[in-house]
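See below for the structure under consideration.
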Number of protein chains: 2
Amino acid sequence: MKVNFKNKSALDQFKLEKYKRGLKTSKKRSYIVQYFLAADRHYSIEELYDELRAEHPRIGYSTVYRTMKLLTECGLASERNFADGVARFEPIHRTHHHDHLICTGCGKIIEFTNRNIERLQQTIARKYKFVTASHKLELYGLCAACQKKKRKNS
Amino acid sequence: MKVNFKNKSALDQFKLEKYKRGLKTSKKRSYIVQYFLAADRHYSIEELYDELRAEHPRIGYSTVYRTMKLLTECGLASERNFADGVARFEPIHRTHHHDHLICTGCGKIIEFTNRNIERLQQTIARKYKFVTASHKLELYGLCAACQKKKRKNS
DNA sequence: GTGAAAATGAAAGTCAATTTCAAAAATAAG
DNA sequence: CTTATTTTTGAAATTGACTTTCATTTTCAC
């Protein structure tokens with residue numbers, strides 16, 4: 001396999017990782033990876049599977065599942081567990097951490113970061129003599145559109 | 001059933017709720033409720049079930065499960081889903097919201113509140129035109145004891 | 001091309017959560 | 001108190017998302 005070690009694009013990082021592990025390249029996996037990385041949104045396995053099938057009806061659920069796990073291990077995707085009990089994956093194009101605003105009406109997910117909150121979290125951890133490895137901050141509510149919809153229906 | 005409407009203790013609130021729904025009182029359920037509310041800590045169904053069995057070997061898992069769900073519906077317990085995928089319940093003795101510090105070493109859970117963080121969360125929600133209904137903030141890391149333990153073993 | 005190794009997908013297995021259902025317990029009615 | 005009605009119980013079955021298995025297909029190094 002030819003790997004361009006200078007190209008740091010996400011897809012190449014994936015190929016490089018595969019190379020190190022001795023994986024092979026398959027059309028289906030490549031298609032899944034490209035589709036997912038291009039989408040730039042959160043996907044559950046189910047959602048991704050459904051969309052992919054439109055173009056590639058012979059893709060199996062397990063393959064989508066395994067590909068997402070692979071991407072996660074390679075650091076190209078991040079697995080998130082929100083309140084509905086279904087795991088979602090997001091592409092990682094940038095390194096920095098972010099948190100989520102989740103609309104309980106339509107499922108829209110917005111990412112945000114806030115240095116002050118991060119700082120306050122560290123203050124709290126210090127107070128309780130904790131060394132934090134990770135954190136999770138999720139705000140659940142209604143987005144502007146769903147608020148409007150709700151007002152109409154009541 | 002005699003319900004003292006003036007007594008606002010947690011157990012009575014539970015009884016009142018039962019009264020409204022036409023439930024019956026059973027020894028087992030009462031025992032579970034009392035035990036849980038007295039404990040003032042986080043319990044998974046499994047943990048609670050194991051402890052209760054020590055005294056009451058004939059209590060079934062389903063009964064513990066159903067009682068915790070009941071308590072949650074009555075507003076006397078709150079269900080939390082941390083990163084290990086096992087639901088935990090905490091008694092609600094006070095109204096105000098709090099967040100969690102969770103030790104990934106020993107499982108210890110510390111509750112905290114921080115007005116500034118809450119305020120910042122509202123600022124963020126406003127920025128994205130969200131109206132938040134709830135939020136979840138969890139800090140994962142090692143408590144002082146587990147840090148010490150780790151240093152010893154390495 | 002050929003053969004070794006990896007990828008695939010349907011089906012099976014996990015694991016916690018939840019529900020079912022026949023028997024037991026609690027309460028109501030007589 | 002005794003029977004009738006309703007709720008509760010617990011063992012077992014089911015659910016739902018996730019994960020693994022295994023026989024077959026595909027990939028790739030030679």
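Just so it is clear: chains get the letters A, B, ... in the order the sequence lines come, proteins before strands, and each one is counted from 1. Hydrogens, waters and symmetry mates play no part in the numbers below; they use all other heavy atoms, side chains included.
- Put simply, OG on A/Ser78 and NE2 on A/His98 are 6.5 Å apart, with the number rounded to the nearest 0.5 Å.
- If you take OH of A/Tyr49 and P of D/dC18, they are 14 Å apart, rounded to a whole angstrom.
- Counting distance only, with no hydrogens placed and no angle test, the side-chain atoms of B/Arg21 and the base atoms of D/dT8 include no donor-acceptor pair under 3.5 Å.
- Considering B/Tyr43, B/Tyr61, B/Tyr35 as possible partners of B/Tyr49, the one that fulfils the ring-ring contact (aromatic ring centres under 6.0 Å, His included) test is B/Tyr61.
- The base of C/dA26 sits with one of its N or O atoms less than 3.5 Å from a complementary donor or acceptor on the side chain of B/Lys24.
- Between A/Thr63 and B/Tyr65, the residue anchored closer to the 5' end of DNA chain C is A/Thr63, taking for each the nucleotide with the nearest heavy atom.
- Distance, B/Arg58 CZ to D/dG10 P: 9 Å, rounded to whole Å.
- Taking the six-membered ring for Trp and thresholds of 30 and 60 degrees, A/His100 and A/His42 have ring planes more than 60 degrees apart, a perpendicular arrangement.
- The separation between B/Ile32 atom CD1 and D/dG10 atom C1' is 11 Å, rounded to whole Å.
- Looking at heavy-atom distances under 4.0 Å, B/Ile59 makes contact with sugar-phosphate atoms alone, never a base.
- A straight line from CG of B/Leu23 to C1' of C/dA26 spans 12 Å, rounded to a whole angstrom.
- The interatomic distance linking B/Lys18 (NZ) with D/dT8 (C1') rounds to 11 Å, in whole Å.
- Nearest nucleotide to the side chain of A/Arg53, out of C/dC21, C/dA10, D/dC18: C/dA10.
- When the P atom of D/dT7 is taken as reference, atom CZ of B/Arg29 falls 11 Å away, rounded to whole Å.
- At whole-Å resolution of the value, CZ in A/Arg88 and C1' in D/dA17 are 12 Å apart.
- Although no hydrogens or angles enter the test, the distance criterion places a donor-acceptor pair under 3.5 Å between the side chain of B/Arg29 and the main chain of B/Lys24.
- Among the heavy atoms of the strands lying under 4.0 Å from B/Ser62 is at least one base atom, whether or not backbone atoms are also near.
- Atoms NE2 and NZ, from B/His56 and B/Lys28 in turn, are 7.5 Å apart once rounded to the nearest 0.5 Å.
- A straight line from CG of B/Leu52 to P of D/dG10 spans 11 Å, rounded to a whole angstrom.
- Closest to the A/Ser26 side chain, of the nucleotides D/dC18, D/dG10, C/dT8, is C/dT8.
- For the pair A/Lys27 and C/dA7, the criterion of a side-chain N or O lying under 4.0 Å from OP1 or OP2 is not met.
- Here D/dT19 is the nucleotide among D/dC18, D/dT19, D/dG10 with the atom lying nearest to any side-chain atom of A/Lys69.
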